[in-house]
K.L.:
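Let me give you the structure first, and then I'll get to my questions.
In what follows, every heavy atom counts, from backbone to side chain, and hydrogens, waters and symmetry copies are set aside. Please read these numbers as outputs of a predicted model, since none were measured by experiment. Heads up: numbering here begins at 1 and tracks the sequence.
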Amino acid sequence: MNGSSLLVKLTTRAFLSFNGRQQNRWLKSVANMVCSRGASPELIAQLGKPPRMRTNPAFRKVATPEFQSIFTPELNDLLALFKKYDYELRIAGGAVRDILMGIPPKDIDLATTATPDQMKQMFEKEEVRMINANGEKHGTITPRINDKENFEVTTLRIDIRTDGRHAEVMYTTDWQLDANRRDLTINSMFLGFDGTVYDYFYGYDDLQERRVVFVGEADIRIKEDFLRILRYFRFYGRIASEENNHDKATLASIKENAKGLARISGERIWSELQKIVAGNFGPALFLEMHRCNLFEYIGLPKEPNLNEFDRLCKALDQFEKPHQPILYLTGMLHSVEDAMEMHKRLKLSAYERDLARFITQEREKVGSHYTTLRDFQKMCLQKYIQRDFVEQLLKYSGKLELYNQLKSWVKPDFPIRGNALAQHGLNGVRIGLVMDELKLLWADSDFQLTHDDLLKKIPNVLEKIPSSPSKAKRSK
């Protein structure tokens, strides 16, 4: 990007943060500055639609129990440090939103006018230990106060270059410019430690109305970071009071930019999907995401198994929450191959990958091949099947009574060990195969067959098993 284009990017941000006469005065100065650098008036015109802004952003104060609960001795000590060095410090992001919703915040993110270097100098001078040096490249310094509590403090910044995944930033002391770079209005507020709410883009009003909208134009915000598409749905589930009260223009921008999700890493996508499905309106939001043509870019079939997904959601309503997020995604799949494609895209954990594969392999057998508690107990005895997988299969299939019975079953200890079979001349693969067959016979006896009883069954079991280890492996 050349200097003129970079400057327009930067000044676009600043332009969007001013009102009325401020915008006119700013635009004139920007035009003079940019044109003097050789940029065309056409570039200046591409400033986008200004967001709706308050004339007085410091418009109210809070003194709620949720706000008062954040003031630990460590936070008070940190505040005193910033005041001593004349740097501003405010609460940012999710903690502000939670406090205004009457929810005690779990974590507090802080924003400041101090640069990372200034913070480091201050903490070093005051002999405050800093941890997590990796955060510095994002403008975040993490002091540990009194060796008890860590605080992430991030310098105010402006995005000067974005590529849909990452942003190159420049530090600022202007709170409004920092607010303007944030994704949603409800996430763009700050809270002073005197209780003052700083709301530049009517995020407070949107929060009260349970409305989820982007700061300014959704299309511009999404193109800055395509993961914001999924963040929109996550926060909709957290904030909205109705499952289908989306802003139509926002959904149109999401649909228009769906392909951009292909550039986002699978790990980041999976992290967001888990939060969406676990939140309010999870199934409805997934269907909305499908209507926005997102699935083919996030590891799900372009034409998902909607009938199965609908059945699954009704089945899971019988069970106590929370449910494994991977269950919902598996309901969208048609086959084991779909499960492996999903894993390839989302980089699932081994547990999630194997559970999705197991369920897509076995779900059609539930109710036909597997019908009784004994059938599912036998599955639990198999070497490569985790008991939890069988329980999740029952939950997935809506078999509440069988699920409860299996959950309460205390599996007895199998009375034979491999060395006992070795003493009978068995070795290698054949030990495992014989052991599997003996476990099934043991289960059919209601787990009553003893060690000696099972040893007597070995000749009959051997007649069913191929003599060649290679044949045994193939048959397996």
Side-chain angles (χ1 to χ4, degrees), residues 7-31 33-34 44-62 88 90-97 99-101 109 111-113 154-160 162 167 169-192 194-225 228 231-232 235-236 239-240 246-250 253:
L7 185 57
V8 168
K9 268 240 180 225
L10 174 59
T11 53
T12 296
R13 280 298 195 182
F15 170 81
L16 290 176
S17 69
F18 290 90
N19 263 318
R21 288 185 298 174
Q22 290 177 308
Q23 285 182 344
N24 292 333
R25 185 168 61 250
W26 174 253
L27 183 57
K28 289 179 182 178
S29 62
V30 168
M33 180 170 56
V34 175
I44 301 171
Q46 297 173 10
L47 296 175
K49 178 184 176 182
R52 191 168 60 112
M53 292 170 284
R54 289 189 188 278
T55 303
N56 177 23
F59 76 109
R60 67 179 295 121
K61 282 195 172 186
V62 295
E88 289 186 84
R90 297 177 188 172
I91 306 167
V96 181
R97 187 184 63 243
I99 289 171
L100 294 178
M101 293 179 69
D109 292 326
T112 182
T113 54
T154 303
T155 303
L156 300 180
R157 51 192 173 166
I158 308 167
D159 293 343
I160 59 174
T162 60
V169 302
M170 186 175 78
Y171 300 130
T172 181
T173 57
D174 191 313
W175 293 91
Q176 190 166 339
L177 291 182
D178 184 274
N180 186 67
R181 68 177 291 275
R182 297 175 183 262
D183 52 3
L184 304 170
T185 59
I186 57 173
N187 293 336
S188 68
M189 295 178 284
F190 299 104
L191 181 58
D194 63 350
T196 300
V197 178
Y198 296 90
D199 176 23
Y200 300 93
F201 307 117
Y202 290 90
Y204 180 84
D205 300 63
D206 290 334
L207 194 62
Q208 301 308 306
E209 296 294 328
R210 298 296 187 263
R211 186 168 51 236
V212 183
V213 291
F214 285 93
V215 175
E217 292 188 53
D219 183 72
I220 292 174
R221 285 295 178 269
I222 290 169
K223 282 184 168 64
E224 291 167 349
D225 182 355
R228 286 175 171 175
R231 282 175 57 83
Y232 166 81
F235 282 106
Y236 187 95
I239 301 299
H246 301 274
D247 175 67
K248 292 182 179 179
T250 297
S253 293

K.L.:
Restricting to salt bridge (Lys or Arg N to Asp or Glu O under 4.0 Å), what partner residues turn up for Arg211, sequence neighbours left out?
P.N.:
Asp206
K.L.:
Identify, with sequence neighbours excluded, every residue that meets side-chain hydrogen bond (donor to acceptor under 3.5 Å, both in side chains) alongside Thr173.
P.N.:
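Per chain and number, Thr173 pairs via side-chain hydrogen bond (donor to acceptor under 3.5 Å, both in side chains) with no residue.
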K.L.:
What heavy-atom pair brings Glu88 and Thr113 nearest, and what distance separates the two atoms?
P.N.:
N-OG1, 3.1 Å
K.L.:
Measuring only between side-chain heavy atoms, which start at C-beta, is Arg231 closer than 4.5 Å to Asp225?
P.N.:
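Counting from C-beta outward, Arg231 and Asp225 never come under 4.5 Å.
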K.L.:
If every non-hydrogen atom of Ile186 is compared with every non-hydrogen atom of Ile239, which pair is closest and at what distance?
P.N.:
CD1-CG1, 3.6 Å
K.L.:
What closest approach, in Å, do Thr250 and Phe214 show between heavy atoms, and which atom pair accounts for it?
P.N.:
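Shortest heavy-atom separation between Thr250 and Phe214 comes out as CG2-CE1, 3.8 Å.
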K.L.:
Of all heavy-atom pairs between Ile99 and Leu191, which one has the smallest distance, and what is that distance?
P.N.:
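So the two residues come closest at CD1-CD2, 3.8 Å.
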K.L.:
My understanding is that only residues two or more places apart in sequence, or in another chain, count here; which of them pass ring pair (Phe, Tyr, Trp, His ring centres under 6.0 Å) with Tyr202?
P.N.:
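By the ring pair (Phe, Tyr, Trp, His ring centres under 6.0 Å) rule, Tyr202 matches no residue at all.
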K.L.:
Using the side-chain hydrogen bond (donor to acceptor under 3.5 Å, both in side chains) criterion, which residues pair with Ser253? Sequence neighbours excluded.
P.N.:
none
K.L.:
Is the distance between the ring centroids of Trp175 and Tyr198 under 6.0 Å?
P.N.:
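They do not qualify: ring centres at least 6.0 Å apart.
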K.L.:
Picking from Arg182, Arg54, Lys61, what satisfies salt bridge (charged side-chain N to carboxylate O under 4.0 Å, His left out) with Asp199?
P.N.:
Arg54
K.L.:
In terms of the angle between their ring planes, are Tyr200 and Phe190 parallel, tilted or perpendicular, with boundaries placed at 30° and 60°?
P.N.:
perpendicular
K.L.:
Sequence neighbours excluded, which residues qualify as side-chain hydrogen bond (donor to acceptor under 3.5 Å, both in side chains) partners of Arg60?
P.N.:
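Per chain and number, Arg60 pairs via side-chain hydrogen bond (donor to acceptor under 3.5 Å, both in side chains) with Tyr204.
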K.L.:
side-chain hydrogen bond (donor to acceptor under 3.5 Å, both in side chains) with Tyr236: which residues, sequence neighbours excluded?
P.N.:
none
